[in-house]
Amino acid sequence: MWGIVRQNVGGASGLSSQVMRLRPVASAMRNYSSATKEMTVRDALNSALDEEMAADPNVFVMGEEVGEYQGAYKITKGLLDKYGPERVVDTPITEAGFAGIGVGSAYHGLRPVIEFMTFNFSMQAIDHVINSAAKSNYMSAGQINVPIVFRGPNGPAAGVGAQHSQCYGAWYGSVPGLKVLVPYSSEDARGLLKAAIRDPDPVVFLENELLYGESFPVSAEVLDSSFCLPIGKAKIEREGKDITITAFSKMVGYALKAAEILEKDGINAEVINLRSIRPLDRATINASVRKTNRLVTVEEGFPQHGIGAEICASVVEDSFGYLDAPVERVAGADVPTPYAANLERMAFPQIEDIVRAAKRACYRAVPMAATA
Amino acid sequence: MASTYLSKSHKFIIHNLKSKNYLMFGFINLSSSVTNSLFSPHLVLRTISPNLSNSSRINPSITFSGGFASVSGGRRFHNATSFSKDVDQLSNEVPSQQELNFPGGKVKFTRKRIFTSGSNDERTQCYRVLSENGQLIGGSDSLEISKELAIKMYKEMVTLQVMDIIFYEAQRQGRISFYLTTNGEEAINIASAAALNNNDFVFPQYREPGVLLWRGFTLQEFANQLFGNKYDYGKGRQMPIHYGSKKHNYITVSSTVATQIPHAVGAAYSMKMEKQDSCTITYFGDGGTSTGDFHAGLNFSAVMEVPVIFFCRNNGWAISTPINDQFRSDGIVVRGKAYGIPSIRVDGNDALAIYSAVYEARKMAIEKQTPILIEALTYRAGHHSTSDDSTKYRPIDEIEWWRDDQNPVKRFKTWVMNKGWWSDEAELEHRSSIRKQLSQAIQAAERVEKPPVTDMFNDVYDVPTKNLNEQEVFLRKTIKKYAQEYPSNVVV
């Protein structure tokens, strides 16, 4: 994973191997050019939580193992010592319970950040996420708003089997009343988590376990405690003119790698980091497709009713005339995730799959036979 | 917090492992017939398996560290007949222990293999202050209530009763689509509300409009919600009886059963963090106690030590499911102890008992920052809702017995009348006044416009998203173009 992404920001590669701990706006950093500091996604999330908790006493964290254990994935490390057990609450094992309690506390004015050890476990709490959180503002006609954030790792990790590997982007992305965010880099993690915590609506924040340890360059602006990214705006990670590739979370890294490979074959790919599944930035996606005329969507989740299906429909609705080729969807295999390493690798998109799909969309390869 | 607890006990156990007379965690699986003399190291790992013929003694030299591994993975078998021999042998070797210092408190050991009975030989007693015929029971613990409070309580119980009759009729006449009554639970509604303060947050299920009525929701406001007109505080988004009012601290009724229970705990946590002089109260029926949310809510509330009152309206029926098909415990009150929550069972048809219990519960909840469980025994004298005909699954004489003899309104009326605070004339006058107000409210609500089209798209989010704005524009265009296909009374 370490070698996958290096954003090309002028001459930063020399310092990219250093992983530095966050310090609040260090003026010494201003001596360097932008994006020379690196930060892991884990530290990005931790620092964002820390800063938001410091800024607003109503923000508190709740979940299994978030306190004494410092977080199952160490995202909440140090927070218990700093803020105490009232604001970093270790819970009994009941997702339904602590999700419901989080929602109740939000009804009364607190701003909970609920951690699911993985979003696979959120299924045990999904009634509270949807019926108690997402719909409350609407059903109460604005009398009850729920400024809650549900966060945790989503999608596959490595060798964790079927019940720990599902992607919930499509499930939560279909619910009105929720906002669904999917950070990729450390900048995304910081900016989107802060935006999520400050947002008065319920937000589902889908992280990725394998990205936690990955380091990304961060600018001084990103490190500032007031940094925030807008919800609902996608980011064009790499500009191109021949084909649009949309992706989110870990797949952004794969898409960027695929784009480098395609470049050698003379295909100039534009990679869009969705950042937000709901609201989906249809404008950016469509503008890009109108420019390139070809689209490949990439996701780790199951293909049926997935994110790619929604993006394809959106493009067909808004930019049909601009398409020069059918939309290609690259998604996870339509099977519960197997554990064996070789099978698991075949169950999820790899860089080669994205490259092949892009070539098919450019009519550079024979299309796969359609199945009935 | 759970894991703090665990880490403390972990250190505790490691400390005590060093003194060899100690039982390990895994050992709890032994039946209670384990005697004191078994607390010697080499018998620690036995499980008693009487059907096995082979006996293999555990090597007395096994130390605890080795033992740890075998607790999880190994099995030791012991022949039942050689059991007592070991005991005699060992009682000379090692000092025995009377109790186990286990997290949560000391646990005494017993040599008797007794299973606690699952059945209800002696049921938890029910707190009551007024007898069926409205007489104060001598020597009962009860609070003095003033004449004004008593009259107000009685009047609101009558209002609730009349409101239910008239709105139910309105549904039968096709004027509203749905309704559900609180027949038989008027005392629960009004008396519990009367014992609370206005800043106590209420998390209702759906059979508690009386609490909202007590707090000042008007008959017109009720009617507006039922008709879903533009004055409805819910903007016409919910089915009838899903009332909600921020200004009265009454959280909007939600159809999902028992989700309000953990919500109430979370809100109580918020109150505790803000050190407010208030509590939350949540209501639910006997059926709601079967849910996972009930378990999680009660368990958490005890762990988090928050000021919440859990009020269970045990009215005998969850639609057509009688309580015997719902659970086999002695009602709900016994479950409180299982969670470590102080609990009480009250007569749900006795307004004074309910008032007194809730008043005291509130005091305890706030002063001690503890949850309280109240189970009120009552009866759902009406049908579950207008979609139900309960005579199909329960005997009519049962319904009539509860509706007549145990009627909470009648009982309280007798008491206030005996005190000289109420009269038949006052009764007549009040009932006819409420009836008139209700029919006016219904007529007015019926005539008011429905909410405008904007109300379809706002409140989904704090600020509508782009796609919602686009959809709204598109809808308006369509309505304008095909006006004849849309109802004329919707404001565009």
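What you are looking at is a predicted structure, and each value in this text was computed from that prediction instead of being measured. Each chain gets a letter, A, B and so on, in the order the sequences are listed, and its residues count up from 1.
Side chain to side chain, B/E221 and B/T218 meet the donor-acceptor criterion of an N or O pair below 3.5 Å.
If you tally non-hydrogen atom pairs under 4.5 Å between each of A/N145, A/I93, A/N58, A/L110 and chain B, the highest count goes to A/L110. When each of B/K235, B/Q238, B/H242 is scored by its heavy-atom pairs under 4.5 Å with chain A, the top score falls to B/Q238. The candidate with the highest count of non-hydrogen atom pairs below 4.5 Å against chain A, out of B/P451, B/G292, B/S245, is B/S245. Taking chain B as the reference chain and counting heavy-atom pairs below 4.5 Å, the highest number among A/P57, A/G100, A/G97 is found for A/G100. When the candidates B/N249, B/T256, B/I261, B/T259 are compared by the number of heavy-atom contacts under 4.5 Å with chain A, B/T259 comes out ahead. Ranked by heavy-atom pairs under 4.5 Å with chain B, the list A/P200, A/G109, A/P147 is led by A/P200. Among A/S132, A/G232, A/S136, A/P279, the residue making the largest number of heavy-atom pairs under 4.5 Å with chain B is A/S132.
In this structure, chain B has a heavy atom under 4.5 Å from the backbone of A/L178, while its side chain stays farther away. Contacts between B/Y461 and chain A at a heavy-atom distance below 4.5 Å involve backbone atoms as well as side-chain atoms. Heavy-atom distances place both the backbone and the side chain of B/D462 under 4.5 Å from chain A. Contacts of B/M456 with chain A are made by both backbone and side-chain atoms, with heavy-atom separations under 4.5 Å. At a 4.5 Å heavy-atom cutoff, the contact between B/N458 and chain A is made by backbone atoms alone. Of the two parts of B/Y243, neither the backbone nor the side chain holds a non-hydrogen atom closer than 4.5 Å to a non-hydrogen atom of chain A. With a 4.5 Å cut-off on non-hydrogen atoms, B/T465 touches chain A through its side chain but not through its backbone. Only the backbone of B/D455 has a heavy atom closer than 4.5 Å to any heavy atom of chain A. Interface remark: A/D199 contributes no atoms to any contact with chain B (heavy atom separation under 4.5 Å). B/Q260 does not touch chain A: none of its heavy atoms, backbone or side chain, sits under 4.5 Å away. The part of B/Q276 that comes within reach of chain A is its side chain, from C-beta onward, which places non-hydrogen atoms under 4.5 angstrom from that chain.
Under the 6.0 Å distance and 45° angle rule, A/R151 does not count as a cation-pi partner of A/F119.
Taking both residues in full, the closest heavy atoms of A/V88 and A/M53 are given as CG2-CE, 4.0 Å, listed atom of the first, atom of the second, then distance. Here the closest heavy-atom approach between residue A/A134 and residue A/P202 is recorded as CA-CG, 3.9 Å. The minimum heavy-atom distance linking B/V253 with B/I241 is given by the pair CG2-O, 3.8 Å.
Between the CG atom in A/L79 and the CD1 atom in A/I75 there is a gap of 10.0 Å [rounded to 0.5 Å].
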List the steps, then state whether side-chain hydrogen bond (donor to acceptor under 3.5 Å, both in side chains) holds for B/H295 with A/T94. CA-CA 9 Å; B/H295 165 72; A/T94 160; over 6 Å; no
Evaluate A/N286 against A/S319 for side-chain hydrogen bond (donor to acceptor under 3.5 Å, both in side chains), listing each step before the verdict. CA-CA 6 Å; A/N286 276 283; A/S319 314; 2.5 Å; yes
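When each of A/F205, A/Y73, A/F150, A/F121 is checked for a ring-ring contact (aromatic ring centres under 6.0 Å, His included) with A/F116, only A/F150 meets the rule.
Ring pair B/H263/A/Y107 is perpendicular by interplanar angle, where above 60° counts as perpendicular and below 30° as parallel. Using cut-offs of 30° and 60° for the angle between ring planes, the A/H108 and B/F201 rings count as perpendicular.
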